[in-house]
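In this text the structure is predicted, and so the values were computed from the model without any measurement.
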Amino acid sequence: MNKENTKEEVLKAFNFRCACKEFDPEKKISKEDFDFILETGRLSPSSLGLEPWRFVVLQNKELREKLKPISWGAQGQLPTASHYVILLARNKEEMTYNSEYIDKMMKVTHKIPQDIAELRRNRIEDYQKNDAKMFDTDRGVFDWACKQVYIAMGNMMTSAAMIGIDLCPIEGYNRDEAEKILEDAGILDKSKFGIACMVAFGYRLNEPKRAKTRQSIEEIIQWVN
């Protein structure tokens, strides 16, 4: 596929994608297709390569039903989605510069020599304390992790749209109550994670009622030459 064809296919996928409010409950995404979507999330970039995410694929109907009353933005999606993903972000304890998790990522995943790891840790400390001022608020470090999780979610959404799978990103839920439901079910370890966002996947039951609306390119782009 040449470059022009690739660009056309990408834009076609972006125009196809919509925030699907209700899915066809009879249509299920194949294992191969959903493994592909998850892999694009796994391969997503993250700040300093720290991968502060975990993807919970929630297929349990009882737990979906428990989430429904406190998820006002997922009333149609929770019962009908082929696959429902809760994206977790690592918390302050996990993502602070001197944490065991960051040490493990550098030594085990990245296989960085000890002396280089120390230099990188010092760089992270300076970035968190001084450049980004993450410790000025209780949520600063967690919000940093959540921003990265959204990159993974965006890539999963695009890869799904590229192969004709519908989806809906979801922020409309009570985070405290949703986390308690997952914690009580033994799914969420709150000493390490919090919920960043959710996304439902499946096949649309109905076509959108209106065409995609966006601001013009002139309204959102500023060139500085």
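At distances below 3.5 Å, at least one donor-acceptor pair connects side-chain atoms of K111 with backbone N or O atoms of V108. A donor-acceptor distance shorter than 3.5 angstrom exists from the side chain of Q59 to the backbone of S82, with no hydrogens or angles considered. A donor-acceptor contact shorter than 3.5 Å links the side chain of R64 to the backbone of A81. A donor-acceptor contact shorter than 3.5 Å links the side chain of N91 to the backbone of K190. Here the side chain of Q75 pairs a donor or acceptor atom with the backbone of K68 at under 3.5 angstrom. For Q77 (side chain) and G202 (main-chain N/O), no donor-acceptor pair under 3.5 Å exists by modelled atom type. Under the 3.5 Å distance criterion, the side-chain polar atoms of T96 are left unmatched by any main-chain donor or acceptor of S99. At distances below 3.5 Å, not a single donor-acceptor pair connects side-chain atoms of E94 with backbone N or O atoms of F193. Side chain of S44 to main chain of G41: a donor-acceptor pair is present (N/O by atom type, distance under 3.5 Å, no hydrogens or angles). A distance-only check finds no donor-acceptor pair linking the side chain of Q148 to the backbone of S46 [under 3.5 Å].
The neighbour count for K28 NZ, taken as heavy atoms of other residues, nucleotides or ligands under 6.0 Å away, is above 12. Taking a 6.0 Å sphere around CZ of F135, one finds it holds more than 12 heavy atoms contributed by other residues, nucleotides or ligands. The number of heavy atoms from other shown groups lying within 6.0 Å of NZ (K61) does not exceed 12. By the 6.0 Å contact criterion, CD on E62 is open, its count of non-hydrogen atoms from other residues, nucleotides or ligands being 12 or less.
Distance check, rounded to the nearest 0.5 Å: CD1 of I165 to NZ of K27 gives 12.0 Å. One finds the CD atom of Q128 at 7.5 Å from the CE atom of M95 (value rounded to the nearest 0.5 Å). Considering CG of D131 and CG of D126, their distance stands at 5.5 Å, rounded to 0.5 Å.
By the 30° and 60° cut-offs, the orientation of the rings of F201 relative to F34 is perpendicular.
Residues L87 and V56 do not share a hydrophobic cluster, defined by chaining ILVMFWY side chains whose heavy atoms lie under 4.5 Å apart. Residues L48 and I151 are members of separate hydrophobic clusters, defined by side-chain heavy-atom contacts under 4.5 angstrom among Ile, Leu, Val, Met, Phe, Trp and Tyr. Note on M162 and F36: separate hydrophobic clusters, where clusters join Ile, Leu, Val, Met, Phe, Trp and Tyr whose side-chain heavy atoms are under 4.5 Å apart, directly or indirectly.
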Pair Y101-E51, side chain to side chain contact (heavy atoms under 4.5 Å, CB included): steps then yes or no: CA-CA 10 Å; Y101 173 74; E51 304 174 39; 4.2 Å; yes

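Contact between K66 and I181 at its shortest, heavy atoms only, is O-CD1, 3.4 Å. Contact detail for I37 and M156: the closest heavy-atom pair is O-CG, 3.4 Å. The two residues W53 and R42 make their nearest non-hydrogen contact at CZ2-O, 4.2 Å.
Using a 4.0 Å cut-off between charged side-chain N and carboxylate O, E118 and R121 make a salt bridge. Checked for salt-bridge contact, D176 and K180 miss the test: no charged N lies under 4.0 Å from a carboxylate O.
Because its NZ or CZ atom is both nearer than 6.0 Å to the ring centre of F16 and within 45° of the ring axis, R204 counts as a cation-pi partner of that residue.
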